[in-house]
Amino acid sequence: MVGVLVVSHSEDAAKGIRDIAAAMSGGAREVPIIGVGGDGEGGLGVSVPRIFGVLRDMLSETDGVVIIPDLGSSVLSSRAAVALLDPADAARSVIADAPVLEGAMMAAVEASIGSDLAAVAKCASDARDLRKNDH
Amino acid sequence: MPFDVKMAISALRQFNALIEEKKEFLTDLDAAIGDADHGINMNRGMKRVIEKLNSKEYADFSALYLDVAMTVMSVVGGSAGPLYGTFFMKLGQKLSESEEVSVGELAGAMQEGLNGVMSLGKSAVGDKTMVDTLAPAIKAFRDNADGPEEDAWNAFANAAEQGMKDTIPMLARRGRSSYQGERSIGHQDPGATSAFYLISCLRGAFTER
């Protein structure tokens with residue numbers, strides 16, 4: 001099973017996006033989805049050690065983790081957190097170039113059907129093509 | 001005179017003091033092209049670094065710079081946290097358990113730090129970032145490493161200052177300021193500015209000895 005890690009500048013946003021993605025993917029398998037965000041002191045921001053800690057724990061219980069950062073320093077901080085991992089764990093981590101909510105939801109759905117890391121990551125990236133006004 | 005752990009700590013204390021003094025200037029620079037948090041973030045991060053340094057003794061570069069890196073990465077919000085954190089971490093890994101190193105060794109370790117920053121930020125010279133200060137400074141430091149030490153340190157700081165100033169006419173290609181497009185032209189980059197402060201404080205630790 002592949003896990004999904006949402007990284008946002010806001011702890012509330014991270015948890016909310018996590019909840020939506022979890023609800024949309026509530027199938028036969030329970031996908032590990034975690035949201036991490038905020039500066040750890042109640043404010044907006046991102047903390048590399050916090051991302052690293054959650055990511056390492058998730059990797060110990062999953063085949064791999066797709067990380068979905070919101071933007072800017074969430075992306076840099078996610079990359080820095082991956083760089084702190086052992087190389088074997090880093091190789092099981094993918095940072096998706098995806099819109100954070102749509103990407104998390106699509107990744108969670110794909111993970112719930114038992115797809116591998118590459119497929120879940122691709123599905124998250126494909127979420128950028130989701131249209132909202134075409135139908 | 002080699003660069004030792006005591007000088008490294010002195011440089012970090014000077015850097016904290018200079019950031020404290022310049023935090024509003026850094027924030028003003030960032031307000032022009034970014035999200036106006038660079039001065040505040042660096043100030044909070046370096047204060048926490050100094051608290052950490054005050055609570056421990058450091059025997060080698062590896063332990064010192066690892067603590068600096070982890071503190072900066074957890075406390076400095078925005079992109080500066082992971083970028084400066086990566087710089088210090090690579091510096092510590094390269095200098096490892098040495099207690100003192102030559103200018104050439106220090107310059108080589110800084111090159112590793114710069115490579116880490118560029119790889120993390122996917123940035124290059126000319127993108128209007130801290131790389132525009134660090135890259136020419138480290139090149140000048142390495143090019144002068146075999147001559148008199150004072151000349152090497154001066155070349156290091158002078159190239160850093162020039163690199164910082166060279167960001168003024170640049171178009172931002174990375175980070176929040178890149179969203180400003182052409183409006184970023186004509187403003188000195190805040191990250192390039194704090195990187196110059198770091199280098200001038202490293203030189204300061206050399207000259208005060």
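Just so we're clear, the structure is a prediction, and the values are computed from it rather than from any experiment. Chain letters run A, B, ... following the sequence lines, proteins first, then strands; residues in each count from 1.
- Between B:M70 and A:P49 there is a side-chain heavy-atom pair separated by less than 4.5 Å.
- With a 4.5 Å cut-off on non-hydrogen atoms, A:L44 does not touch chain B at all.
- If you measure heavy-atom distances from A:R50 to chain B, you find no contacts under 4.5 Å at all.
- For NZ of A:K15, the number of neighbouring non-hydrogen atoms (other residues, nucleotides, ligands) closer than 6.0 Å is greater than 12.
- B:E57 CD: 12 or fewer foreign heavy atoms inside a 6.0 Å radius.
- Summarising the local packing, CD of B:E24 is surrounded by 12 or fewer heavy atoms from other residues, nucleotides or ligands at distances under 6.0 Å.
- Atoms CG and OG1, on A:L84 and B:T86 in that order, are 7.5 Å from each other to the nearest 0.5 Å.
- Contact tally against chain B (heavy-atom pairs below 4.5 Å) for A:A83, A:A80, A:A81: the top residue is A:A80.
- For A:D129, the CG atom counts as densely surrounded, since its 6.0 Å shell holds more than 12 non-hydrogen atoms of other residues, nucleotides or ligands.
- Of all the heavy atoms in A:L76 and B:L120, the pair that sits closest is CD2-O, 3.1 Å.
- Distance OG/A:S73 to CZ/B:R176: 11.0 Å, rounded to 0.5 Å.
- For the options B:R174, B:M73, B:M89, heavy-atom pairs under 4.5 Å to chain A are most numerous at B:M73.
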